[in-house]
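In what follows, every heavy atom counts, from backbone to side chain, and hydrogens, waters and symmetry copies are set aside.
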Amino acid sequence: MIKVNLLDSVTDRARSVAAVESRVANPRARSWMLAAAVFSVMALGMLFDYVHANYKHAAAGEELKKQEGIAAQVRQINKDKDELEKKIDAVNKRIEAIKRLRASQQGPVAVLSAINERLPTVNDFMLTMVEQKGDTLTIEGNANDEAAVTRFARSLEFSDKLFENVSVETERKLVEPKDTDMEEEKIEIDETAPKPEVVKFKITCKYNQPGVAPAAEAADPAKPAANQVAQK
């Protein structure tokens with residue numbers, strides 16, 4: 001049977017408590033304990049602050065790298081944008097130059113094409129001169145008869161306002177044979193035979209360039225009617 005001396009245990013415990021109380025009651029021991037507690041709290045605070053600052057520094061470094069990457073991308077985008085704007089400007093300048101060149105070439109070509117489309121399909125109908133000054137167009141030529149000239153003038157008149165204010169002047173002239181032809185072919189001319197004639201014509205009209213609306217003209221009752229045919 002085991003015997004435990006409870007009196008000794010209680011006595012030892014009371015002695016331990018008394019020793020602790022005596023140490024706590026000692027001012028020097030109390031100061032050391034307080035200093036140890038303060039130091040421990042300071043150490044824990046410094047450790048927490050170091051860990052927190054290190055974490056913030058790492059996060060700031062990552063954010064800085066991210067912002068630097070974004071800034072580099074923005075600089076590259078701006079550079080590409082400037083190069084693209086330069087290319088677009090160069091293309092626009094080329095387009096404008098091509099437009100000016102086509103406009104300078106299209107005028108005469110368009111006029112001649114429009115006239116050629118309306119030429120009568122008869123023999124010996126020939127144009128000798130086409131002159132354009134501003135919107136005024138003058139056409140001169142030769143034909144065998146006045147009917148072909150009249151048809152040509154009417155085709156210009158009914159052109160959906162491409163040609164306006166068409167006026168025609170005609171003149172009959174005798175065709176004189178060339179001396180060289182007479183000598184080479186030795187043709188004897190019969191003085192009693194009727195001599196061949198040619199109709200010289202001059203057409204004046206207003207040419208409205210396609211795509212440009214013609215200016216409206218005020219009606220003037222005293223103004224002679226357009227498309228009047230005059231013969232000399």
Side-chain angles (χ1 to χ4, degrees), residues 93-232:
K93 289 181 179 178
R94 292 181 182 178
I95 292 174
E96 292 297 329
I98 292 173
K99 287 182 178 179
R100 290 194 296 268
L101 181 61
R102 286 183 177 178
S104 63
Q105 294 178 346
Q106 187 176 2
V109 173
V111 172
L112 294 177
S113 298
I115 294 174
N116 185 53
E117 291 174 358
R118 291 164 177 80
L119 289 176
T121 56
V122 295
N123 296 328
D124 297 331
F125 189 93
M126 180 179 61
L127 300 182
T128 59
M129 190 269 291
V130 177
E131 182 180 12
Q132 182 181 6
K133 292 183 179 180
D135 58 354
T136 302
L137 186 65
T138 303
I139 305 172
E140 295 183 3
N142 301 326
N144 284 339
D145 56 5
E146 294 181 2
V149 179
T150 303
R151 289 196 302 271
F152 178 53
R154 287 181 178 176
S155 65
L156 294 176
E157 178 183 0
F158 297 102
S159 59
D160 196 14
K161 296 184 180 181
L162 184 63
F163 300 95
E164 292 183 330
N165 302 333
V166 181
S167 63
V168 183
E169 297 178 2
T170 60
E171 181 182 3
R172 289 184 175 273
K173 286 190 174 183
L174 298 176
V175 178
E176 299 292 340
K178 296 181 180 180
D179 296 338
T180 55
D181 295 339
M182 292 174 60
E183 291 178 357
E184 291 177 359
E185 298 180 5
K186 296 180 180 180
I187 300 175
E188 294 183 358
I189 300 176
D190 186 2
E191 296 295 338
T192 61
K195 294 182 179 180
E197 293 182 342
V198 64
V199 178
K200 292 186 175 294
F201 63 88
K202 178 180 179 181
I203 299 176
T204 305
C205 62
K206 178 183 178 183
Y207 173 69
N208 297 313
Q209 186 176 356
V212 179
E217 296 182 357
D220 187 0
K223 184 178 180 180
N227 309 327
Q228 181 179 1
V229 178
Q231 293 185 357
K232 292 185 179 178

Residues T136, Y207; criterion side chain to side chain contact (heavy atoms under 4.5 Å, CB included); working and verdict:
CA-CA 6 Å; T136 302; Y207 173 69; over 6 Å; no
In short, V199 meets R172 closest at the heavy-atom pair CG2-NH1, 3.8 Å
So E171 and E169, do their side chains get closer than 4.5 Å, heavy atoms only?
no
Can L137 and V111 be said to form a side chain to side chain contact (heavy atoms under 4.5 Å, CB included), step by step?
CA-CA 9 Å; L137 186 65; V111 172; 3.9 Å; yes
Backbone N or O of N144 within a donor-acceptor pair of the D124 side chain at under 3.5 Å?
no
When you compare the side chain of D145 with that of V122, does any pair of heavy atoms fall below 4.5 Å?
no
Should we say atom CZ of R154 is surrounded by more than 12 heavy atoms from elsewhere, each under 6.0 Å from it?
no
Nearest 0.5 Å please: distance from the CG atom of L156 over to the CD1 atom of I203.
5.5 Å
For S159 versus S155, what's the shortest heavy-atom pair and its separation?
CB-O, 3.9 Å
State the NZ-CD1 distance between K202 and I139, to the nearest 0.5 angstrom.
12.0 Å
Taking T204 for the side chain and S167 for the main chain, is one N or O donor matched with an acceptor at less than 3.5 Å?
no
Student check: side-chain heavy atoms of V168 and F152 closer than 4.5 Å
no
List the atom of A143, the atom of V198, and the distance in Å for their closest heavy-atom pair.
O-CG2, 3.5 Å
Minimal non-hydrogen separation, F201 against N142, with atom names
CE2-N, 3.5 Å
How close do P120 and A148 get, counting heavy atoms only, and between which atoms?
CG-O, 3.9 Å
To the nearest 0.5 angstrom, please state how far the CG atom of L162 sits from the CD atom of E117.
9.0 Å
Are the side chain of E164 and the backbone N or O of V166 linked by a donor-acceptor pair below 3.5 Å?
no
In this structure, OG1 of T121 is separated from CZ of R151 (nearest 0.5 Å) by 7.5 Å
